[in-house]
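In what follows, a structure is listed as structure tokens, so that the remarks can point back to it.
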Amino acid sequence: MFTFRASITLAVMTFVVALAALLIAIQVQSLHWATREAASAYMDAASTKALGRLQGELNAIASLVNVLATGSSVADSDERSETDRAIPLFKAALRELPQMDSIYAGFENGAWLQVRRISDLTEDQRGRLRAPPHSELVISLVRPTPGGDLPMRRVFWDRQGNEIDEIDLWKYGYDARKRSWYWQTMRADRPYVSAPYLSFSLAAPVITVSTPLRGKVPGVLAADLKLDTFSDFVQAQRPGQNGTVMIFDEAGSLIAHRDFAEFVAAAMTHPSQSQLPSIDEVNSGVAASALRRSHNLDKNEGIVRDDDGQDYLFRLTKFALGEGYSGSILLLAAQDDFVQNVRDLQFKGLVLAIIVGAAFIPAVWIFGSRMAQALKRITEQASQLQRLAEPSLAPVTSHIREIHELGTTVNLAQRAIWSFAHFVPKEIVRGVIDNSISTRLGGVKQEITLVFTDVRGFTTIAEAADPDMLMLQTSRYFSALTEAFLAEGGTVDKFIGDAVMVFWNAPNPQADHVARACRAALAARAAGERLNAEFEAEGLTPFFTRFGIHVGEAVVGNVGSTERMNYTALGNTVNLAARLEGLNKQTGTAVLVSEDVYLRVRDQFEFNALDAVVAKGMTKETRILELVGVSA
């Protein structure tokens, strides 16, 4: 048999060396540095224009906001009205900076005054504001009432400055003090540039530039830059006809993208989203490939290829966007947009590479297929090993020594672990396999719920029964009980003669472990009753089971020796659960629980209260109750 290393190396290297030699020769002749240089220069220009536009617009807004924040008409009073002295200033500011969507001031008492240009809004955005036809501006005013309510009034103006309509929104629910642009600015006590977000009233993407008021009353003056129109400008600067430009901030929120409008529309209509589109939504195509290659990098550039085989040059650069706030710009440029003759050279080289490489395809395909089939079967067996499934009869064989040995080893391991899982609870076996359960001696204290069972008069039954028949009958009995316990996620710790010890909340946490134990006990009792009917029909003595349930802290872990250990639980909680089972004999009941169990699940199950007792070996009195059934 050949070794795996020799076989795979000989076949693949023969193919790769021959094909690589041809491809290298073709690429040396076809790829020109001029292509990258031209695309790189164009990307430099696009980046400068896009970032310059964004930074310039934000700086202009910031300068205007800083100046207005010191004016007495805004900063000296938190009593605002429809005839406020600040309104003419805000209108003039909107005329001065057309890139600004709105300008507004929020005050510590909850008052808020905004002037917004609505002539360039979409019909949907105008509809959100309930704007009448021919309205050009809207003044939004929030004046807090003595009772703390924040009703809003909107006043609409036409191009000539005439009021044409007004509406009152008594329960609009807008509190500027709770908006991030307000409290972030107040906390920093300095100018602040927000991350992109969806505006409260328009559901449109904006960036807010804000600054604290410097006057007699505390508050914040802010203005918004709408990103939908900015995104159109950025896309117009793309490098080449098939190029792309996208800008996103440090949190991953998109600021500009070719499909920005569609992303925003999806964010507003999809029930799982309520925020700006994220760069994570760009999960396919060359942009996604470039982003993956640039993960956690401030700057990166290279080449990616799309599904059609077209190469794109990409560049990702991080930039500052306000103090303590940054973003990144990703530019993609298709090589074919900058050089045309390279495509012909690449096509000829590809045809030549296909012709030469075709001779290797049949042999490599057959060889690889056989190895893949064998490895796939071994992988399936390894997956069955993790699931503790029954192993297949025959191991995977191969002419390659390593694969043959691997198949045999995996099959042996699968059989060993599958057999081991019949002697140890499967959850513990899984824990040992995935290393969530230690194989060292020792344990940890944690809360668990325990169930102890015992068969009434088993000693008398055993004396009169045939040993072989008793073994079979006991196995059927244990199988019925175990099935009920496992159905509720219990860990069957051990069989002690005719008794069973089961616990919950270990090794895996279970928030409802007490209820699980109660349901399991009731299910096991019912299963025992059905099984007893079969026993009686077969002439066998029925097994009447008694149960004891208690919850509390115990030490759970490995006990024994370094050569042989047992994953179990120890402590007074375990002892009391065992004593509760034995008390059934005195009380004439089938299922006894402690008061701790009752207090946890009394609203889910029905109980009969019994007298408090001092269990055997205990010093403290324990209140006991009979578990009757599930609450209706």
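Note that Arg579 lies outside the cation-pi zone of Phe452, set by a 6.0 Å cut-off to the ring centre and a 45° limit from the axis. For the pair Arg456 and Phe544, the cation sits on the ring face: its NZ or CZ lies under 6.0 Å from the ring centre, inside 45° of the axis.
Judged purely by distance below 3.5 Å, without hydrogens or angles, the side chains of Tyr477 and Thr545 pair a donor atom with an acceptor atom.
Note on Arg128 versus Asp124: salt bridge recorded, some NZ/NE/NH1/NH2 to OD/OE distance being below 4.0 Å. Ion pairing of Arg476 with Glu538 is present here, as a side-chain N (NZ or NE/NH1/NH2) and a carboxylate O approach within less than 4.0 Å. Between Arg600 and Glu447, at least one side-chain nitrogen of the basic residue sits less than 4.0 Å from a carboxylate oxygen of the acidic one, meeting the salt-bridge criterion.
Taking the six-membered ring for Trp and thresholds of 30 and 60 degrees, Phe607 and Phe605 have ring planes more than 60 degrees apart, a perpendicular arrangement.
Put simply, OG1 on Thr491 and CZ on Phe485 are 12.0 Å apart, with the number rounded to the nearest 0.5 Å.
Closest of all the heavy-atom pairs between Gly489 and Trp504 is C-NE1, 3.5 Å. Closest approach of Ser180 and Tyr192 over heavy atoms only: O-CE2, 4.4 Å. Between Ala517 and Val451, the shortest heavy-atom contact is CB-CG2, 4.0 Å. Here the shortest heavy-atom pairing between Arg177 and Trp183 reads O-CD1, 3.9 Å. Smallest separation of non-hydrogen atoms from Glu626 and Leu610: N-CD1, 4.2 Å. The shortest heavy-atom contact between Ile461 and Pro542 is CD1-O, 3.9 Å.
Within the 4.5 Å cutoff, the side chain of Thr449 has no heavy atoms near those of the Arg516 side chain. Between Phe547 and Arg525 there is a side-chain heavy-atom pair separated by less than 4.5 Å.
Proximity of the aromatic rings of Phe458 and Phe543 is defined here by a centroid distance below 6.0 angstrom, and this criterion is met.
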